[in-house]
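Heads up: the structure comes next, in C-alpha cells.
As the structure is a prediction and not an experimental result, all values here were calculated from the model. Convention: sequence-line order gives letters A, B, ...; per-chain numbering from 1.
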Amino acid sequence: MPRLNVSNDFFVRTSDPEHKACVQEILTRVKDNGYVELGTYEGWYCPRCADFKTESEIAEGNTCPIHKIALVRESEENWFFKLSAFQEPLEKLFADNPDFVRPRHRFNEAHAFLSQGLQDVSLSRGKLTWGVEVPWDPEHVFYVWFDALLNYVTALSYARPGDDLTERFWPAQIQLIGKDILKFHTIYWPALLMAAGLELPEHVVVHGFLLMRDADGTEHKMSKSLGNVLDPFQIIDDFGADALRYYCLREVRFGQDGAVSTSGFAARYEGELANEFGNLASRTTAMIHRYRDGEVPAIQPDHAIAQELDPLAAQIEELIDASELTQALDVAWTAVRRLNRYVEEQAPWALAKDDSNAAQLDLVLATLADGLRLIGVLLHPWLPASVEKLFAAIGVDDLALSTARLQPGLVTRVERIAPLFPKPQD
RNA sequence: GGGCCGGUAGCUCAGCGGUCAGAGCAGCGGACUCAUAAUCCGUCAGACCCGGGUUCGAAUCCCGGCCGGCCUACCA
C-alpha cells in the first residue's frame with residue numbers, strides 16, 4: 001500500500017475473535033427478530049471435492065471439471081435467511097433513494113434483480129471446517145457472505161482498543177465495491193442490516209473493471225493468469241503512484257468498465273502530465289525567475305481569467321459528491337489548458353522586451369503564479385504527491401477547496417522547479 | 001441456460017428523441033520560443049455493431065441477432 005501512496009486505518013480479518021463474537025451476536029439478533037429458519041439447500045455435489053458446484057463449474061455431461069466424475073444431486077439442511085421478507089422494505093429503499101446505488105446503471109441492475117422477486121438464501125454451511133460457528137447450532141458455520149459483510153460494522157467496535165468508533169463512522173456515507181459483488185452489497189447487505197436493526201449506508205458506489213485489449217482486438221478482464229496486465233508496480237517504479245492513479249481515473253470513466261494499455265498510459269503521461277501540467281509549472285516558474293527574480297507581483301490577478309477559473313471548484317465539488325470522479329478530473333484539467341492558452345495569448349517574453357509593458361507583465365505573472373496554486377488545489381485528489389512538490393516550490397500549503405479562486409498575496413515567491421513528470425530518457 | 005451492462009471517428013471516451021453526431025490523443029498544415037522540442041491555432045476523420053419496428057423525426061425508444069463483460073452458495 002505505501003507504494004500506491006494509500007493507507008488503511010485497520011485491516012480486518014474475519015478470523016479475528018472480536019469479529020466472530022460480533023457476528024454471532026448480530027446474527028443471533030437476526031434470528032431472535034424472526035428472520036432465520038431451517039431449510040434445505042439442494043445442488044450438484046462432487047463427492048471427491050466434498051463441495052457443491054455452481055452451474056459455471058459444471059463440466060460437460062454433468063461432471064466435475066477437476067475429478068472428471070459424475071456429480072450427484074444432494075441436499076443439505078441449512079439455516080436460511082428470510083430475504084423474501086425484505087422485498088417491500090427494499091423496494092421502498094430504492095424508490096426513496098434513487099442514488100442509493102451509484103452510478104445509475106448499477107442502480108438499475110440492482111433494482112432489476114429486486115424486481116424479479118427475492119428468494120430466501122442459505123445462511124449456513126454444514127460441511128465446512130472453517131468459518132464462524134453458528135451459536136445455536138455448532139455443527140454449522142455461517143455462509144461466508146453473512147460473516148464477511150458484517151465486518152464493515154464489527155471492525156468499528158474493536159479496531160481501536162478501548163475506543164468504539166461505531167457511533168462516529170456508522171452509517172457509512174459511501175461503501176465502495178466492484179461490480180462483481182453488486183448483489184451482495186445492494187440487496188443482501190441492506191436486508192441483513194434491516195433484519196439486525198442496524199442503519200444502512202447512505203450510498204453504495206460501484207466501480208467497473210479495467211480491461212486490456214489483446215492482439216486480436218478482443219477485450220478481457222485484466223488478470224494475472226491471462227498475462228494481460230498493465231503492470232501497476234512497473235508503472236509506479238517508473239513514473240510514480242500519482243501517474244497511475246491519474247491514468248486510471250482519466251482514461252476510464254469511474255463506474256464503467258474501460259480499456260487500459262501501456263501505450264495509452266504513455267500517451268497520457270507525456271501528453272498531459274508532462275507536457276501540459278508539468279511543463280506549465282516549469283515555464284511559469286522559469287518566467288517569474290527570468291523576469292522578476294522569483295518575486296511574484298503582489299497584485300490582483302487577471303479578472304477575465306478569474307471569471308473562468310473561479311467557478312471550477314464548485315463544479316468539481318458537486319461532481320465528487322456525486323462520485324463522478326472522471327468528470328471532476330476533466331473539469332479540473334480545463335484549468336491546466338486554460339493557463340497554457342493564457343501564456344500564448346499574453347506572450348510574456350514579448351512583454352518583457354519593452355519596459356512600458358511592465359504593468360501588464362506583472363499582471364500576467366501574478367495570474368500564472370496564483371493560477372498554478374489554484375490548479376494544485378483542484379488536482380490534489382488525483383495527484384497528491386506531485387501537488388505537494390509543486391506547492392513546496394511556490395511556497396503554499398493550503399489545500400482547502402475554498403481557496404481555489406484567483407487571489408493576490410498567497411504566492412509571494414517561487415523557486416525554479418524540477419520537472420514534475422520527467423520523461424523517460426530514450 | 002437465465003439475469004444485467006456495454007458495442008459511437010485509427011485510439012480512449014462523451015452524447016442517450018429534435019440544428020450538418022462531439023472531445024482529447026494520433027495524422028496533416030501553420031504560429032511561436034518562456035518551458036520537460038514543450039505550447040498555441042487550424043484541419044482531415046465516423047455505415048453511431050447488424051436487421052426489423054414505433055415516430056413528423058432515432059446513435060438516442062421497442063423487438064430480434066452478433067460480439068465483449070459481470071453475476072448465477074464459500075477470495076472478499
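When both distances must be under 3.5 Å, the Watson-Crick or G-U wobble mate of B:rG68 is B:rC5. Of the nucleotides present, none pairs with B:rG57 by Watson-Crick or G-U wobble criteria with both distances under 3.5 Å. For B:rC34, there is no paired nucleotide, since no Watson-Crick or G-U wobble pair has both relevant distances below 3.5 Å. Taking a pair to require two hydrogen-bonding distances under 3.5 Å in either a Watson-Crick or a G-U wobble arrangement, B:rA47 remains unpaired. Using N1 to N3 plus N6-O4 or O6-N4 for Watson-Crick, or N1-O2 and O6-N3 for G-U wobble, each under 3.5 Å, B:rC25 pairs with B:rG10. Judged by Watson-Crick or G-U wobble contacts below 3.5 Å, the nucleotide B:rC75 has no partner.
Residue A:Tyr188 contributes atom OH, which lies 15 Å from atom C1' of B:rA76 at whole-angstrom precision. For A:His105 and B:rG6, the NE2 to P distance is 7 Å, given to the nearest whole Å. Atom CG in A:Leu182 sits roughly 13 Å away from atom C1' in B:rU72 (whole-Å rounding). If you measure from atom CG of A:Asp330 to atom C1' of B:rG24, you get 9 Å, rounded to the nearest angstrom. Taking atom NZ of A:Lys183 as the reference point, atom P of B:rC5 lies 15 Å away to the nearest angstrom. Across the protein-nucleic acid pair, A:Leu149 atom CG and B:rC74 atom P stand 14 Å apart, rounded to whole Å. Between the CG atom of A:Asp180 and the P atom of B:rU72 there is a distance of 8 Å, given to the nearest Å. Between A:Ile177 atom CD1 and B:rC70 atom P the separation is 15 Å, expressed in whole Å.
Without hydrogens or angle criteria, A:His19 side chain to A:Asp147 main chain gives a donor-acceptor distance under 3.5 Å.
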Please tabulate, one pair per line, all N/O donor-acceptor pairs under 3.5 Å involving side-chain atoms of residues 410-421 of chain A, not counting sequence neighbours.
| from | atom 1 | to | atom 2 | distance (Å) |
| --- | --- | --- | --- | --- |
| A:Arg413 | NE | A:Glu415 | OE2 | 3.2 |
| A:Arg413 | NH1 | A:Asp293 | O | 3.0 |
| A:Arg413 | NH1 | A:Glu295 | OE2 | 2.5 |

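Among the atoms of the strands shown, base atoms are found under 4.0 Å from some heavy atom of A:Asn78. Base contact: A:Trp145 has a heavy atom under 4.0 Å from a base atom.
Residues A:Glu109 and A:Arg106 are paired through a salt bridge, judged by an N-O separation under 4.0 Å between the basic side chain and the carboxylate.
Remark: the separation of the P atoms in B:rG6 and B:rU43 is 34 Å, to the nearest Å. Comparing B:rC71 with B:rA76, their P atoms are spaced 15 Å from each other, to the whole Å. Here the separation of B:rA21 from B:rC48, taken at their C1' atoms, is 7 Å to the nearest Å. Nucleotides B:rG7 and B:rG27 have their C1' atoms positioned 25 Å apart, rounded to a whole Å. Look at the P atom in both B:rG2 and B:rA9: the space between them is 30 Å, to the nearest Å. Taking the C1' atoms as reference points, B:rC16 lies 16 Å from B:rG57, given to the whole Å. B:rC49 and B:rG30 have their P atoms separated by 37 Å, given to the nearest Å. The same atom, C1', is picked in B:rC70 and in B:rA14; the two are 23 Å apart, to the nearest Å.
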Per-nt protein contacts along nucleotides 32-45 of chain B (heavy atom under 4.0 Å; B base, S backbone sugar-phosphate only, - none) come out as SSBBB-SBSS----

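In this structure, A:Tyr291 has no ring-ring contact (aromatic ring centres under 6.0 Å, His included) partners at least two apart in sequence or on a different chain.
The stretch residues 359-369 of chain A participates, sequence neighbours left out, in these salt bridge (Lys or Arg N to Asp or Glu O under 4.0 Å) pairs: A:Arg292-A:Asp362. Pairs passing the salt bridge (Lys or Arg N to Asp or Glu O under 4.0 Å) check and including a residue from residues 18-28 of chain A, sequence neighbours excluded, read A:Glu25-A:Arg29. Listed by first and then second residue, the side chain to side chain donor-acceptor pair (under 3.5 Å) pairs that reach into residues 232-244 of chain A are A:Arg3-A:Asp237, A:Gln234-A:Asp238, A:Asp242-A:Ser386, sequence neighbours excluded.
Where A:Tyr152 and A:Ser122 meet RNA chain B, the nucleotide closest to each residue was compared, and A:Ser122 sits on the side nearer the 5' end.
Residue A:Glu109 places its side chain closer to B:rC4 than to any other of B:rC4, B:rG24, B:rC25.
Side-chain polar atoms of A:Ser122 and A:Asn78 form a donor-acceptor pair below 3.5 angstrom.
Counted within 6.0 Å of CZ on A:Phe11, heavy atoms from surrounding residues, nucleotides or ligands total 12 or fewer; the atom is thus considered open.
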